[in-house]
Amino acid sequence: MSQLPKTRTAGISRRGLFGAAALAPLAAVGPVEPAAEAAEIEPLANFKFDIEKETGWVGEGGSAKEATAAEFPVSQSIAGVSMRLKPGAIRELHWHALAAEWAYVIEGRCRTTVIAPNGQAEIDDFGPGDTWYFPRGHGHALQGLGPGECHFLLGFDNGHFSEYGTFSITDWIAGTPPEILSRNLGLPAAAFAGFPRKEVYIGTGRVPETPLENLRNGALQPSQMSHKYRLDMQPPRQFAGGREFIVSAREFPIQTTLTAVKMELNPGALREMHWHPHADEWQYYVRGRARVGVFGSHARHKIDEFGPGQIAFIQQGHGHYVEQVGDEPTELLVLFNHPEFQEISLAAWLGANPASLVEDNFGIPRSVVEQLTKRESGILARKA
Ligand code: MN
Ligand code: MN
């Protein structure tokens, strides 16, 4: 790929282009490709998806709405599910062959069980502001505790997690010869006729006991690496225009493939212009509204507006900002597909250069350069 700014070369002669390339050391430029003959630059992909507008899966025990790469093609690295469980309802025992699962509880309470490959097991209760993380392949189940519905957002570190990637216990049992089940699970073969004939997915159940009921096998080692993290209990990064609760693998060691953020923007706030060097960014809007502006190189810019139940996806390395809209504060949940949080702020970058270089880069007088912000602000407050 040529590093020349392709979209601005229309009026420049090929001789001019080669001339410019010749000024740079060859190693830095790489193989010189005539920009005029290079392939067309694709426009920026749609980066907005309305997950709560989907009907999704609806059953007696609850519902699930998906945003995978099938529905939202730009989101190859992260998928999401908005799930609701009625009191006692069970998202049955299952595992994900292709992805780790993260969740944030928005409303209500639920319980999870999980087994790790080392045999260690954990059972936990969750309420609003709590998150969980199940590494890829770990067997787990979820249950609504009531009172009222439990609503949580699930995130997966693979946009394709859903297709042929979710393995449910009833699905496995239903398709296995009864003689095998009998030998393996210690029941007469005929007993399996009373088991579900196909995958249950979300079933109804009784509201479980509180405090926690014992696990069937009392000899199990408790998990030495917790799957639960109380994101809202963590001290936030405080900025003039809002705050961010960030959890990376540093705070939550088992969360080895993702970083999660709960972002709160006060009315009029601006999450400053920045980019993430090594991660895609996936956003779910819980309340309030915001406009997101994305810069994708080669003069490609896109702005879209988001509100409750909508998802934004910003590809790795793309410049972006989030502008709060409306009088109600805006709250969003953000996932990055990397266990470490990294960001470069445009303002900080401008502070990391000599004034003369900035002056000549923009062709502006020194007096103007001196007024340019030179530090990171995170979230700027409403303009005075
Ligand atoms: Mn799951
Ligand atoms: Mn960002």
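All values derive from a computational prediction rather than experimental measurement. Start at 1 and go down the list; that is how both ligands and their atoms are numbered.
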**Q** Under the salt bridge (charged side-chain N to carboxylate O under 4.0 Å, His left out) criterion, do Arg271 and Glu244 qualify, and how do the steps go?
**A** CA-CA 10 Å; Arg271 180 68 177 83; Glu244 287 180 348; 2.6 Å; yes

**Q** For Tyr104 and Trp102, take the angle between the two ring planes, folded into 0 to 90°, and tell me which bin it lands in: parallel under 30, tilted 30 to 60, perpendicular over 60.
**A**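 Plane angle under 30°, so parallel.
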
**Q** Give the name of the N/O/S atom in Glu101 that lies closest to the Mn ion (ligand 1).
**A** OE1

**Q** Does Glu52 come within less than 4.0 Å of Arg84, counting only side-chain N to carboxylate O?
**A** yes

**Q** Looking only at N, O or S atoms in His274, which is nearest to the Mn ion (ligand 2)?
**A**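 This residue's closest N, O or S atom turns out to be NE2.
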
**Q** His140: which N/O/S atom is nearest the Mn ion (ligand 1)?
**A**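 Closest N, O or S atom of His140 to the Mn ion (ligand 1): NE2.
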
**Q** Could you pull out the atom name of the N/O/S atom in His94 that is nearest the Mn ion (ligand 1)?
**A** NE2

**Q** Could you please compute the angle at the Mn ion (ligand 2) from NE2 of His276 to NE2 of His320, rounded to 10°?
**A** 100°

**Q** Between CD1 of Ile314 and OH of Tyr321, what distance do you get to the nearest 0.5 Å?
**A**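 That separation rounds to 11.0 Å.
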
**Q** Does Lys48 pair with Asp304 as a salt bridge, N-O distance under 4.0 Å?
**A**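 Asp304 and Lys48: salt-bridged.
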
**Q** With a cut-off of 2.8 Å, does Glu281 put an N/O/S atom close enough to the Mn ion (ligand 2)?
**A**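 Looking at Glu281, which is the residue asked about, there is an N, O or S atom under 2.8 Å from the Mn ion (ligand 2).
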
